[in-house]
Structures are given as C-alpha cells and as structure tokens.
Amino acid sequence: MDFIKNAISSSGGHEDKPVENNTQQNDDYVDKAFAAGVKKSGYNIDRNMQEKITDGAREAYEKATGKHVNEKISN
C-alpha cells in the first residue's frame with residue numbers, strides 16, 4: 001500500500017481541471033432559426049458553416065436593398 005501512497009504523492013498532487021471554453025455563442029434570431037431548420041431537416045452542417053451561410057445571406061440582403069439589418073435580428 002505504501003507504493004500507492006508514494007505514487008500519488010509523487011504525482012505532484014495536482015488535479016486535472018476541466019478545460020474552460022471561453023468562446024461565446026452570440027446567436028442572433030437568424031442563426032437560431034437556421035440552426036433549428038437544419039436540425040429539423042436532418043442535415044448535418046457544422047456551426048461554422050451555418051454562421052457563414054447566414055452571414056452571406058445577410059450581406060446579400062444588405063447589398064440588394066441598401067438597408068442594414070437590425071443588430072437584434074442579425075449581427
């Protein structure tokens with residue numbers, strides 16, 4: 001039993017801490033709606049690709065109309 005105690009004490013006594021994920025998900029209404037539609041339709045599109053698609057759609061809308069989309073709806 002002493003070799004177990006020695007092994008534990010020689011390991012430095014540090015505990016593995018969970019990795020903190022500092023990324024914020026600031027989903028606007030368009031992102032949330034698109035993600036729900038993707039999930040419901042059964043497609044497997046990752047989060048980054050969804051963001052690119054919704055950003056592209058927002059930019060196309062702004063270019064076509066000349067109006068900015070409200071930040072509350074799409075950032």
Side-chain angles (χ1 to χ4, degrees):
M1 284 305 264
D2 289 333
F3 70 92
I4 294 175
K5 291 179 183 177
N6 290 337
I8 291 173
S9 64
S10 68
S11 68
H14 71 290
E15 297 178 15
D16 291 334
K17 295 181 182 177
V19 176
E20 292 182 22
N21 191 356
N22 292 332
T23 59
Q24 282 185 332
Q25 289 188 353
N26 294 329
D27 290 343
D28 52 39
Y29 292 126
V30 174
D31 291 334
K32 289 178 183 179
F34 188 79
V38 167
K39 183 177 179 182
K40 188 165 184 123
S41 67
Y43 288 103
N44 188 13
I45 301 175
D46 70 338
R47 174 76 176 94
N48 291 329
M49 183 58 71
Q50 289 178 18
E51 186 68 29
K52 288 178 184 178
I53 292 169
T54 56
D55 287 347
R58 178 185 46 81
E59 289 174 9
Y61 171 81
E62 289 177 350
K63 185 176 180 180
T65 62
K67 298 178 183 178
H68 290 288
V69 179
N70 187 349
E71 290 292 324
K72 184 177 180 183
I73 296 171
S74 177
N75 52 8

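Distance check: Met49 CE to Asn44 CG gives 11.5 Å after rounding to the nearest 0.5 Å. The line from CD of Glu51 to CG of Asp28 is 7.0 Å long, rounded to the nearest 0.5 Å.
In this structure, the side chains of Arg58 and Val30 stay at 4.5 Å or more apart for every pair of heavy atoms. For the pair Asp31 and Gln50, the minimum side-chain heavy-atom distance is 4.5 Å or more.
The two residues His68 and Glu62 make their nearest non-hydrogen contact at CA-OE2, 3.7 Å.
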